[in-house]
Amino acid sequence: MLVYPSGIHLSSRTLQHLSGLLAGHRRRIGSRWRRLTCGWQALLVLAHLRCGDTYARLAAGFRVGIATVYRYRREAVDLLAAQAPTLEQAMRTVRRKAYVILDGTVLPIDRIAADQPYYSGKKKHHGMNAQVLADPAGRLIWASDALPGAVHDLTAARTPGIPAALAADGIKCWADKAYQGAGPAVRVPFRGKGLHGWRRRHNRDHAKIRSLGERAMATLKCWRLLRKLRCSTTRIITVVRAVIALELAT
């Protein structure tokens, strides 16, 4: 197999953050020797998350076995996921914001047609539904546990208690039409076509505010692994949390 140098569109601060976590973990467990240093292990994991490189390609590039790549990747992702904020911690951050933007995304997964619970009728593909909170500038704040793609956005938001948490703290939230009935804290546009007058102006102004939330989704999808997940559905939320932790740390 041919091997060539490549680049990852990430800052050195991201690499230093992850390698520092790995170094601390190795000291805690008393790891004496590894095929790769903490820095090289961090680079391997970032290449997997950001570029979506397969285990076979990473094994060839870093001159280790595929099983070693799998262990290194799982170890680092678990460490990062543990750094991701909980909903309660996210609410403390949200209280300092003027408002937040709530949106959902269906992360594509590799499944067959028989896996009906994971098929999103809206997106027309199999996936996992993750709810995301973003600040007024469109920066990521928090992501929920991923549910099967067939779950509606409103149900996916209610499952972890997002509307209730926002209402309890009196936080204003902008969302799309899928969140009709989420509660007084979640502001949604008017439904229907051919709206006129102040309703039409309201929907236009609402869309201008909510569109900034698309920046958070774009930031999430910059991590190519999330564009087509082939791991177990039970591991997807761990990957999402690891990405959120990296974005918040850097």
Side-chain angles (χ1 to χ4, degrees), residues 6-93 105 107 109 128 130-134 139-147 160 216 219-250:
S6 183
I8 306 175
H9 188 60
L10 289 171
S11 66
S12 58
R13 187 169 53 181
T14 305
L15 179 65
Q16 292 167 1
H17 173 73
L18 180 52
S19 61
L21 285 178
L22 291 169
H25 174 69
R26 291 187 184 186
R27 285 194 297 270
R28 286 192 299 273
I29 65 176
S31 180
R32 296 183 178 180
W33 181 84
R34 298 280 188 99
R35 285 292 302 273
L36 298 180
T37 63
C38 295
W40 281 107
Q41 181 181 354
L43 187 62
L44 181 151
V45 174
L46 291 176
H48 177 66
L49 294 175
R50 189 72 172 190
C51 306
D53 289 340
T54 63
Y55 293 163
R57 293 181 62 181
L58 292 171
F62 286 85
R63 301 183 184 279
V64 294
I66 293 178
T68 302
V69 173
Y70 172 79
R71 290 195 303 271
Y72 280 177
R73 178 260 191 196
R74 188 182 183 96
E75 179 183 52
V77 168
D78 287 344
L79 285 173
L80 287 169
Q83 301 291 316
T86 63
L87 181 58
E88 291 75 15
Q89 292 170 336
M91 287 298 108
R92 289 197 289 270
T93 301
T105 182
L107 303 172
I109 62 175
M128 297 291 285
Q131 300 295 302
V132 174
L133 287 176
R139 292 183 291 263
L140 287 166
I141 296 177
W142 176 81
S144 71
D145 290 350
L147 297 174
T219 301
L220 206 60
K221 296 296 179 65
C222 281
W223 299 83
R224 289 181 176 270
L225 186 65
L226 298 181
R227 298 182 187 180
K228 189 67 172 181
L229 288 155
R230 294 178 173 83
C231 60
S232 169
T233 55
T234 59
R235 293 287 301 171
I236 288 176
I237 185 55
T238 308
V239 175
V240 174
R241 286 176 176 171
V243 169
I244 294 291
L246 283 171
E247 287 289 344
L248 294 178
T250 57

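For the single chain, residues carry numbers from 1 onward in sequence order.
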### Query
Under a 4.5 Å cut-off applied to non-hydrogen side-chain atoms, are Leu36 and Leu43 in contact?
no
### Task
Determine whether Arg241 and Asp145 make a side-chain contact, defined as any pair of heavy atoms from C-beta on separated by less than 4.5 Å.
yes
### Message
Holding to side chain to side chain contact (heavy atoms under 4.5 Å, CB included), I want the full list of residues that pass it with Tyr55, two or more places apart in sequence or in another chain.
### Response
His48, Ile66, Val69, Tyr70, Arg73
### Message
Does Thr68 form a side chain to side chain contact (heavy atoms under 4.5 Å, CB included) with Arg63? I'd like the steps, not just the answer.
### Response
CA-CA 10 Å; Thr68 302; Arg63 301 183 184 279; over 6 Å; no
### Message
Tell me the closest heavy-atom pair linking Gln16 and Ser19, and the distance in Å.
### Response
O-OG, 3.0 Å
### Task
State, yes or no, whether a side-chain contact exists between Leu49 and Leu246 at a heavy-atom distance under 4.5 Å.
yes
#### Entry: Note, Leu10 side chain near Trp223 side chain (heavy atom, < 4.5 Å)
yes
### Message
Any non-hydrogen side-chain atom of Leu107 less than 4.5 Å from a side-chain atom of Lys221?
### Response
yes
## Note on the structure
When every non-hydrogen atom of Ala90 is compared with those of Trp142, the smallest separation belongs to CB-CB, 3.6 Å
### Task
Apply salt bridge (charged side-chain N to carboxylate O under 4.0 Å, His left out) to Arg35 and list each qualifying residue two or more places apart in sequence or on a separate chain.
none
### Message
Treating Glu75 as the side-chain partner and Tyr72 as the backbone partner, does any N or O pair qualify as donor plus acceptor under 3.5 Å?
### Response
no
### Flag side-chain contact, heavy atom, 4.5 Å: Cys51 against His9
no
### Query
How far does SG of Cys231 sit from CZ of Arg74, to the nearest 0.5 angstrom?
10.0 Å
#### Entry: Any donor-acceptor N/O pair, Ser144 side chain to Gln131 backbone, under 3.5 Å
yes
### Task
Kindly indicate whether the side chain of Met128, heavy atoms from C-beta on, has any atom under 4.5 Å from the side chain of Val240.
no
### Query
Got a second to check how far Ile237's CD1 is from Ile244's CD1, nearest 0.5 Å?
8.5 Å
### Query
Could you give the distance from CD (Glu247) to CG (Leu220), rounded to the nearest 0.5 Å?
8.0 Å
## Note on the structure
Note: Leu140 and Leu248 closest approach over all heavy atoms is O-CD2, 3.2 Å
### Task
Quick one: list whatever passes side chain to side chain contact (heavy atoms under 4.5 Å, CB included) with Leu18, sequence neighbours left out.
Leu22, Ala42, Val45, Leu46, Ala76, Leu80
### Query
Do other residues, nucleotides or ligands put more than 12 heavy atoms under 6.0 Å from Arg227 CZ?
yes
#### Entry: Considering all heavy atoms, the nearest Gln89-Ala84 contact
OE1-O, 4.1 Å
### Task
Please name the pair of heavy atoms, one in Gly52 and one in Arg224, separated by the smallest distance, quoted to 0.1 Å.
N-CB, 4.0 Å
### Task
Would you mind reporting whether Met91 and Leu87 have side-chain heavy atoms less than 4.5 Å apart?
yes
